[in-house]
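Only one structure is covered here, and it is reproduced in the block below.
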Amino acid sequence: MAEQEVLNKEEERKPQAKMVPVFIMGQKYEVPEGSTILNAIEYAGYQLKKGVGCREGFCGACATVYRLPGDYKLRGGLACQTVVQPGMYLAQLPFTPAQKAIYDIDEVKPDITTFQKFYPEAFRCLGCNACSKVCPQELKVMDYIQAIMRGDLELAADLSFDCIMCGLCTMRCPAEMAQYNIALLARRLYGKYMMPKPEFLYKRIEDIEQGKFDKEFEEIMSLSPDELKKRYAERDINFKIT
Amino acid sequence: MKSFPGYPESMWPSLEMVEKTRPKRVERAKQGLKVMEPMTLEERDEVLSKYHPDYQPDARKEIRVGPNKGEKLTAKVVDLLESHARVKPNEVDLSDPDFDVDVLIIGGGGAGAQAAIWAMKEGAKNVLLATKLRIGDANSMMSQGGMQAAVNPHDSPVIHWLDIMGGGHFANKPELVKVLTSEAPFITKFLMELGVMWDRDETGHLQTKPGGGTSRRRMLSARDYTGAEIMRVLRDEVKNHPDVITVLEYSPAVELLTDEEGRVAGALLMQTETGEFIVVRAKSTVITTGGFGRLHIKGFPTTNHYGATADGVVLAYRVGAKLRDMDTVQFHPTGAVFPEQIWGFLITEKVRGLGGQPVNKNGELFVFPLEPRDVEAASFIRECARGLGVTTPTGRVGIWLDSPVIEELSGPGTIEKQLPAMLRQFHRFGIDIRKTPMLVYPTLHYQNGGIEINERTETNIPNLFVAGEASGGVHGKNRLMGNSVLDYNVFGRRAGIFAAQNAAKNNIGKKLTLKHVEKWEKELEEAGIKTKRISPILFPDYRNFEILKKHRKEFDPFIGFALTGWQE
Ligand SMILES: Cc1cc2nc3c(=O)[nH]c(=O)nc-3n(C[C@H](O)[C@H](O)[C@H](O)COP(=O)(O)OP(=O)(O)OC[C@H]3O[C@@H](n4cnc5c(N)ncnc54)[C@H](O)[C@@H]3O)c2cc1C
Ligand code: SF4
Ligand code: SF4
Ligand code: FES
């Protein structure tokens with residue numbers, strides 16, 4: 001009953017929380033002011049099986065579109081990160097139909113031709129900026145797409161890095177592309193081919209493969225529990241880089 | 001009085017104290033990272049035994065059935081295990097499987113994705129990855145801080161090994177730890193070659209940070225979206241091989257299947273929305289279902305994703321797999337306390353790795369910022385018990401995590417560059433963590449133990465493999481930060497390899513059964529366990545029961561379309 005324990009404690013804590021009306025998938029409910037959309041849906045009596053993942057703004061499973069009373073704008077947000085407003089009417093988008101290209105990352109080239117081949121629709125961008133406006137991570141989505149159109153993968157990787165692949169941009173795009181999948185390919189190419197290589201890492205792997213640490217392992221793993229504890233307590237702590 | 005945007009007035013005086021003591025603390029930090037003396041082993045024991053939730057008298061109880069019968073495990077876990085199966089053996093026809101595969105992987109987090117990729121590389125011809133939500137809706141997507149690997153010259157897999165053993169109170173299986181630290185550099189390279197954007201300097205050298213309980217800088221990161229960066233790359237790679245790997249989403253396993261000899265031979269999946277069963281026959285079955293944060297042990301909030309309900313542990317236990325170290329729970333020292341909407345959310349340890357300092361309501365340091373997690377968490381609880389915590393308007397208590405120190409140490413822009421997720425999280429509620437500290441308290445974070453594995457990720461049951469947070473033995477009684485991302489990568493990969501090799505031997509009988517469930521139900525009865533609980537619970541239940549109960553004379557917790565109904 002832990003779930004209930006937690007919930008009940010919540011209830012005791014805020015007995016007179018003010019209630020506000022919201023319309024969840026067209027149905028009206030009264031929910032506590034200050035709730036996130038996610039909490040509001042659950043408060044209303046749903047046990048979610050879709051449209052929820054991490055609950056902390058990292059997975060993009062909870063994309064939601066909503067309108068506020070008297071406002072023509074269709075807004076987007078993450079249900080787990082957006083606080084309800086009175087009269088808000090909302091619909092969840094647990095899944096985004098989107099194109100994902102299939103490629104062999106060892107074969108593709110880190111330049112514009114790869115995108116011309118796998119995601120030609122990226123080059124149809126109209127520059128409307130609808131994607132950037134809806135992005136709950138406040139990313140410059142249009143700018144990263146345009147960077148890809150210019151072949152500037154470094155910039156695209158940087159601008160798109162915090163993308164949680166929620167799909168909201170894709171649902172708004174008049175050029176009908178899946179920006180987040182395109183950006184993912186850009187980041188993979190940049191990370192694999194264009195970032196400088198860590199030379200020491202290769203050396204370390206070689207040393208391990210050649211058994212350079214075997215003796216030390218053998219020695220330390222043969223210590224008695226007390227000797228090991230002593231060794232641990234006496235180990236030096238050194239936070240320098242080299 | 002000075003004002004602090006985002007915080008109510010009642011908290012301002014304390015915030016002012018923190019500002020007042022900051023210059024002195026920064027001065028100390030500038031002379032090296034040891035702003036306080038770390039505790040001795042005796043001091044650690046003392047604070048743990050008095051303040052850590054695991055050491056409270058009601059924290060554990062004896063389990064009355066199954067392979068670990070007679071042992072004391074975390075009380076909530078015992079309740080979960082001592083439950084009925086979701087299916088009755090005679091209620092399902094298993095004679096016509098929907099899938100017949102080489103390798104079935106249950107759980108689409110990081111461990112599951114690695115297992116799928118490596119099972120394929122090892123020659124498995126058809127791999128089925130079944131998961132409860134979407135692939136990547138997992139704890140793996142959420143790790144912020146990073147992954148440990150000994151990639152600096154004055155560090156080594158042996159030093160890494162010693163840190164882990166000490167952090168785990170020497171209860172770890174040493175040979176598992178050796179595999180973990182020895183394969184860390186390799187797996188770092190493997191991920192890099194898939195395109196993971198590890199933070200590097202201009203020469204390409206991997207950037208490293210200190211972490212709790214480590215004796216070297218060893219934490220690799222990709223800003224503070226490390227888990228997301230790795231997970232989305234692994235997911236993309238899985239999806240790039242549709243000819244070998246099939247992904248089934250929204251289809252959790254609700255029971256394992258066995259052949260007539262009791263060897264694991266696949267699983268029964270259930271479509272969560274419709275209740276449809278899916279029967280899978282598999283030559284090897286890999287459990288990668290992650291942890292148990294959503295059990296809310298001792299009423300703590302959790303950092304874990306919505307599906308973290310220890311399903312894999314339940315399934316494995318019922319076919320007779322042994323568990324270990326399921327008597328300790330990892331509470332992360334720094335869960336958010338304010339604002340209310342993010343109660344329990346994780347504040348990454350990287351904040352302390354970058355120099356952030358825990359201070360009490362008077363702005364005083366009271367513990368070395370990078371003790372192992374259990375020690376750090378217990379110290380926070382002690383400080384609050386001493387009355388030196390800060391109270392929020394909703395009555396919660398916490399201590400300050402002084403983040404502005406970071407920019408005083410490493411210059412302006414550091415937080416935006418290194419902690420964008422944290423900055424954004426608080427910014428959404430009007431708090432700028434570059435200027436004001438965060439209020440924190442321990443939150444339920446990680447399942448230290450799990451299903452016991454060996455270096456080949458095998459369990460004591462034939463054809464059953466486990467990797468990642470669901471497994472037990474790697475971290476002993478306490479995991480250090482950065483080692484579980486490493487764990488799911490290293491052992492996820494191994495599970496894929498050894499499961500594929502095992503599949504090639506084709507060690508399963510023709511007939512699929514649920515005999516173990518019959519046996520289980522009998523055992524429950526013989527032990528005199530009477531309960532309505534069923535498990536795996538699949539999801540926590542956060543519905544507002546007051547509203548659901550309205551007008552009903554009798555209340556059935558399974559009302560509506562709920563899957564849990566976990567009420568006594
Ligand atoms: C907020 C947060 C931050 C963290 N930060 C760090 C960090 O910085 N460094 C570090 O080393 N570790 C960190 N950890 C821990 C680490 O992320 C996890 O331990 C690790 O990702 C677990 O990987 P996994 O693949 O074993 O499990 P998960 O990634 O949780 O994947 C398990 C998957 O299985 C699915 N599943 C569950 N039950 C079933 C079922 N019955 N049938 C089918 N599928 C099922 C789940 O829904 C999920 O998709 C963090 C954890 C959290 C929650
Ligand atoms: S870029 Fe698109 S998919 Fe990525 S977070 Fe923004 S809206 Fe979501
Ligand atoms: S919404 Fe589509 S067309 Fe408009 S700017 Fe974004 S990518 Fe271009
Ligand atoms: S549930 Fe993961 S982003 Fe909201």
Side-chain angles (χ1 to χ4, degrees), chain A residues 1-3 5-7 9 13-14 36 42-43 45-47 49-50 52-59 61 81 83 100 102-103 105 157 161-162 164-165 184 187-192 195-201 204-205 208 213 216-217 220-221 225 228 231-233 235 237-239 241-242, chain B residues 33 41 76 133-134 137 141-142 151 153-154 156-158 162 166 170 174 178 182 185-186 188-189 193-197 200 203-206 210 215-217 223 225 228 232-233 236 239-240 272-273 295-296 299 305-306 341 345 394-395 420 428 539-544 547-548 562 566-567:
Chain A
M1 278 223 331
E3 300 77 31
E5 265 161 44
V6 172
L7 202 66
K9 270 192 204 142
R13 224 175 271 282
K14 301 182 282 185
T36 59
E42 291 172 335
Y43 184 90
Y46 295 86
Q47 186 184 36
K49 295 160 196 163
K50 281 194 173 113
V52 56
C54 66
R55 304 179 72 100
E56 289 188 30
F58 284 90
C59 76
Q81 299 289 310
V83 172
K100 188 201 116 50
I102 305 290
Y103 40 82
I105 196 72
F161 192 82
D162 295 359
I164 56 171
M165 306 181 76
L184 176 59
R187 286 193 305 275
R188 287 189 68 179
L189 291 172
Y190 180 67
K192 180 176 170 70
M195 287 179 88
K197 297 276 175 293
E199 291 310 325
F200 185 76
L201 177 68
R204 176 53 52 81
I205 294 170
I208 293 172
F213 300 101
E216 264 183 78
F217 263 123
I220 202 166
M221 287 173 79
L228 189 60
R231 185 76 64 89
Y232 176 73
R235 79 205 199 288
I237 296 182
N238 176 349
F239 288 147
I241 306 250
T242 48
Chain B
L33 268 167
L41 286 178
K76 201 61 183 242
L133 294 152
R134 305 173 312 169
D137 293 345
M141 192 59 100
M142 308 170 73
V151 297
H154 72 314
S156 84
V158 185
L162 186 59
F170 306 97
K178 182 181 172 202
S182 302
F186 166 79
T188 305
K189 170 166 155 281
E193 288 172 351
L194 284 182
V196 167
M197 287 170 55
R200 290 167 233 181
T203 71
H205 193 72
L206 292 157
S215 63
R216 295 288 186 279
R217 286 178 173 265
R223 306 192 191 171
Y225 284 98
R232 60 197 180 189
V233 166
D236 194 52
K239 290 187 174 176
N240 272 346
T272 44
E273 207 96 23
L295 299 183
H296 293 294
H305 87 289
Y306 186 57
Q341 288 92 341
F345 285 21
T394 51
R428 283 186 173 126
F539 298 120
D541 194 343
Y542 298 131
R543 295 173 302 160
N544 178 9
I547 286 187
L548 293 170
W566 204 24
Q567 286 212 328

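To find a chain, count down the sequence lines: A is the first, B the second, and so on, and within it residues start at 1.
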Heavy-atom proximity to chain A below 4.5 Å, by part of [X]:
| X | value |
| --- | --- |
| B:Ser156 | both |
| B:Arg134 | side chain |
| B:Arg216 | both |
| B:Leu194 | both |

By a 4.5 Å heavy-atom criterion (distance strictly below it), what part of [X] contacts chain B: side chain, backbone, both, or neither?
| X | value |
| --- | --- |
| A:Glu199 | neither |
| A:Ile208 | side chain |
| A:Lys50 | both |

Contact summary for [X] and [Y], nearest pair of heavy atoms:
| X | Y | value |
| --- | --- | --- |
| B:Lys189 | A:Ile205 | CD-CD1, 3.6 Å |
| A:Val52 | A:Ala61 | C-CB, 3.7 Å |
| A:Cys54 | B:Met142 | O-CE, 3.5 Å |

Largest heavy-atom contact set with chain A, pairs under 4.5 Å, which of [options]:
| options | result |
| --- | --- |
| B:Leu206, B:Asn240, B:Leu548 | B:Asn240 |
| B:Thr188, B:Ile547, B:Asp137, B:Val196 | B:Asp137 |
| B:Val233, B:Thr203, B:Leu41, B:Leu162 | B:Leu162 |
| B:Met141, B:His305, B:Arg200, B:Gln341 | B:Arg200 |

Heavy atoms, side chains only, cut-off 4.5 Å: are A:Lys192 and B:Glu193 in contact?
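A:Lys192 vs B:Glu193: side chains touch.
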
Do B:Ser215 and A:Phe239 touch side chain to side chain, with heavy atoms closer than 4.5 Å?
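In short, these two side chains do not touch, never coming nearer than 4.5 Å.
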
Heavy-atom pairs under 4.5 Å with chain B, option from [options] with the top count:
| options | result |
| --- | --- |
| A:Tyr190, A:Phe200, A:Phe213, A:Phe161 | A:Phe161 |
| A:Glu216, A:Lys197, A:Arg187 | A:Arg187 |
| A:Ile105, A:Thr36, A:Leu184 | A:Leu184 |

Measuring from A:Cys59:SG to B:Leu133:CG, what's the distance to the nearest 0.5 Å?
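Here the rounded value is 8.0 Å.
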
Looking only at side chains, do A:Tyr46 and B:Asn544 share a donor and an acceptor under 3.5 Å apart?
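No donor-acceptor contact under 3.5 Å links the two side chains.
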
Kindly state whether the ring of B:Tyr542 and the ring of B:His296 have centres lying under 6.0 angstrom apart.
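Judged by ring-centre distance (under 6.0 Å), B:Tyr542 and B:His296 do meet the cut-off.
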
Taking the six-membered ring where the residue is Trp, are the ring centres of B:Phe170 and A:Tyr232 under 6.0 Å apart?
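Yes, ring centres under 6.0 Å apart.
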
